[in-house]
Amino acid sequence: MGNSSQLENRPFAGKVDQIREQYTNFWSFETAAADVKAYQDKSRTHVYPGHPKWVKTATPFTAWKGNVLAESENALLVGNHASFDAGQYPGAPQKAGMSMVHILGIPKAGIYNGVSLDGSNVSIIDEMIDLFTRNWPKPEFQEAVLQHQEARIEAQNEAEPNPEAYQDAMNHQLELEFAIDDLGADDFTFGFHLYPDHSVGHLHLHIIATPAEYRNYSTDAHDAKTKDAIEVRDFIKNLS
């Protein structure tokens with residue numbers, strides 16, 4: 001497995017105090033341990049308390065059945081559900097992806113948000129990062145990513161038709177197609193949206209191309225809440 005400790009492209013680092021606060025907040029709930037275990041065990045009888053954004057029986061990433069870009073023993077890489085182009089979301093640019101290349105790593109197991117990780121499963125962070133760094137240089141992987149990005153542009157235009165924004169997005173997609181060979185794995189960063197800042201409860205790693213030209217058309221609305229994955233990993237490890 002690759003050494004993710006050597007990653008240097010970490011624009012979301014420097015938030016250990018926030019990570020600690022969010023971790024402590026989550027575990028202050030009386031039912032946290034039981035709820036995390038029930039999700040891990042895929043319990044259909046456990047009664048969750050129903051707090052906003054709390055653990056629940058299933059999420060869109062639970063037992064994922066959609067398209068998979070790459071796979072390892074315990075993890076999957078999938079495409080972000082949104083178009084990368086904020087112009088397709090007039091009035092709500094925060095709904096767009098965070099970069100022209102925005103991929104998600106998800107564990108196959110029932111693992112809730114990053115605040116629920118412990119010494120027994122925190123290694124999933126390294127596995128997801130390694131899965132990406134091993135696959136990114138492969139032309140077939142990059143082609144699959146490009147196809148996914150274009151499909152999300154098409155899907156957003158079908159959901160909210162806007163011919164001008166659609167054409168702009170497709171032109172930006174062409175820019176990506178011409179430039180993608182210049183992107184190396186070290187041009188990506190890895191981050192989490194920790195409870196309660198997340199959108200989907202199942203643990204998922206945001207994998208984002210960071211050069212400015214790849215973020216020009218996307219949203220930066222989530223930057224402040226994005227926590228560096230290595231910082232999260234190390235925080236969890238240091239609890240043991």
Side-chain angles (χ1 to χ4, degrees), residues 1 4-5 7 10-64 72-78 80-81 94 98 103-132 189-208 221-240:
M1 184 172 291
S4 54
S5 298
L7 294 174
R10 299 172 57 188
F12 301 123
K15 302 176 184 176
V16 176
D17 289 344
Q18 295 177 39
I19 293 169
R20 181 180 297 107
E21 180 180 355
Q22 288 176 277
Y23 177 90
T24 302
N25 176 42
F26 175 77
W27 287 105
S28 70
F29 287 86
E30 183 179 356
T31 66
D35 295 337
V36 166
K37 187 177 187 305
Y39 184 69
Q40 179 180 342
D41 293 343
K42 301 180 174 64
S43 172
R44 295 294 174 178
T45 59
H46 182 79
V47 178
Y48 296 94
H51 306 312
K53 295 194 172 184
W54 194 250
V55 194
K56 56 185 179 181
T57 303
T59 78
F61 296 152
T62 307
W64 176 257
S72 63
E73 181 180 0
N74 302 300
L76 305 171
L77 295 181
V78 304
N80 188 39
H81 73 283
Q94 71 278 7
M98 296 175 68
I103 298 167
L104 304 176
I106 58 176
K108 296 178 182 178
I111 303 177
Y112 180 64
N113 185 269
V115 293
S116 79
L117 291 167
D118 59 26
S120 71
N121 57 15
V122 70
S123 62
I124 191 64
I125 295 178
D126 287 326
E127 183 170 342
M128 291 188 292
I129 293 174
D130 183 62
L131 180 60
F132 172 77
T189 199
F190 307 88
F192 290 114
H193 297 157
L194 299 180
Y195 171 88
D197 291 334
H198 62 289
S199 56
V200 177
H202 190 92
L203 182 71
H204 55 286
L205 176 72
H206 294 269
I207 303 169
I208 303 159
H222 308 296
D223 287 18
K225 70 180 185 183
T226 303
K227 308 304 189 297
D228 178 72
I230 302 304
E231 213 159 59
V232 172
R233 181 202 67 186
D234 292 347
F235 172 81
I236 298 297
K237 283 186 172 183
N238 289 335
L239 294 173
S240 303

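Only heavy atoms go into these numbers, but all of them, side chains included; no hydrogens, no water, no symmetry mates. Note that the coordinates shown come from a computational prediction; the quantities given were computed from them, not determined experimentally.
- Checked by atom type, the side-chain pair His206/Thr226 shows no donor-acceptor distance below 3.5 Å.
- Side-chain contact between Tyr23 and Tyr195 is absent, with no heavy atoms from C-beta onward closer than 4.5 Å.
- Side-chain contact between Ile111 and Leu117 is present, with heavy atoms from C-beta onward closer than 4.5 Å.
- When every heavy atom of Pro11 is checked against every heavy atom of Thr189, the shortest pair comes out as CD-OG1, 3.3 Å.
- Using a 4.5 Å heavy-atom threshold, the side chains of Gln40 and Ser116 count as separate.
- For residues 13-29, the salt bridge (Lys or Arg N to Asp or Glu O under 4.0 Å) pairs, not counting sequence neighbours, are Asp17-Arg20.
- In this structure His202 satisfies the ring-ring contact (aromatic ring centres under 6.0 Å, His included) test together with Tyr39, sequence neighbours excluded.
- For residues 42-63, there are no salt bridge (Lys or Arg N to Asp or Glu O under 4.0 Å) pairs, not counting sequence neighbours.
- Separation of atoms CG (Asn113) and OG1 (Thr59) is listed at 11.0 Å; rounding is to 0.5 Å.
- Atom OH of Tyr48 and atom OG of Ser43 lie 6.0 Å apart (nearest 0.5 Å).
- The shortest distance between side-chain heavy atoms of Ile207 and Leu77 falls below 4.5 Å.
- Shown here are the side chain to side chain donor-acceptor pair (under 3.5 Å) partners of Asp35, two or more places apart in sequence or in another chain: Thr31, His46, Trp54.
- Residues Lys227 and Gln22 have side chains that bring a donor and an acceptor to within less than 3.5 angstrom of each other.
- Side-chain contact between Phe235 and Val122 is absent, with no heavy atoms from C-beta onward closer than 4.5 Å.
- In this structure the side chain of Ile230 reaches within 4.5 angstrom of the side chain of Arg233, judged on heavy atoms.
- Using a 4.5 Å heavy-atom cutoff, the side chains of His193 and Val200 are not in contact.
- For Asn25, there are no side chain to side chain donor-acceptor pair (under 3.5 Å) partners two or more places apart in sequence or in a different chain.
- Smallest separation of non-hydrogen atoms from Ala32 and Trp27: CB-CE3, 3.7 Å.
- Partners of Gln94 under the side-chain contact (heavy atoms from CB on, under 4.5 Å) rule, at least two apart in sequence or in another chain, are Ala92, Thr219, Ala221, His222.
- Every residue two or more places apart in sequence or in another chain was checked for a side-chain contact (heavy atoms from CB on, under 4.5 Å) with His81, and none qualifies.
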(Q) Could you go through Leu205 and Leu104, starting from their C-alpha distance and side-chain angles, then the distance that decides it, and tell me whether this counts as side-chain contact (heavy atoms from CB on, under 4.5 Å)? (A) CA-CA 5 Å; Leu205 176 72; Leu104 304 176; over 6 Å; no
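- Residues passing the side-chain contact (heavy atoms from CB on, under 4.5 Å) test with Asn74, sequence neighbours excluded: Ile124, Glu127.
- Contacts of Asp41 classified as side chain to side chain donor-acceptor pair (under 3.5 Å), with partners at least two apart in sequence or in another chain: Lys37.
- When each of Ile208, Ile129, Ile125, Ile103 is paired with Phe190, the side-chain contact (heavy atoms from CB on, under 4.5 Å) condition holds for Ile129 and for no other.
- Applying the side-chain contact (heavy atoms from CB on, under 4.5 Å) rule to Ala13 yields the partners Arg10, Asp228, Glu231; only residues at least two apart in sequence or on another chain are considered.
- Each salt bridge (Lys or Arg N to Asp or Glu O under 4.0 Å) pair with one or both residues in residues 105-118, not counting sequence neighbours, appears once here: Glu71-Lys108.
- Between Leu194 and Val232 there is a side-chain heavy-atom pair separated by less than 4.5 Å.
- Panel note: side chain Asp130, backbone Asp126; no donor-acceptor pair is recorded below 3.5 Å.
- Under the ring-ring contact (aromatic ring centres under 6.0 Å, His included) criterion, Phe192 pairs with no residue at all, not counting sequence neighbours.
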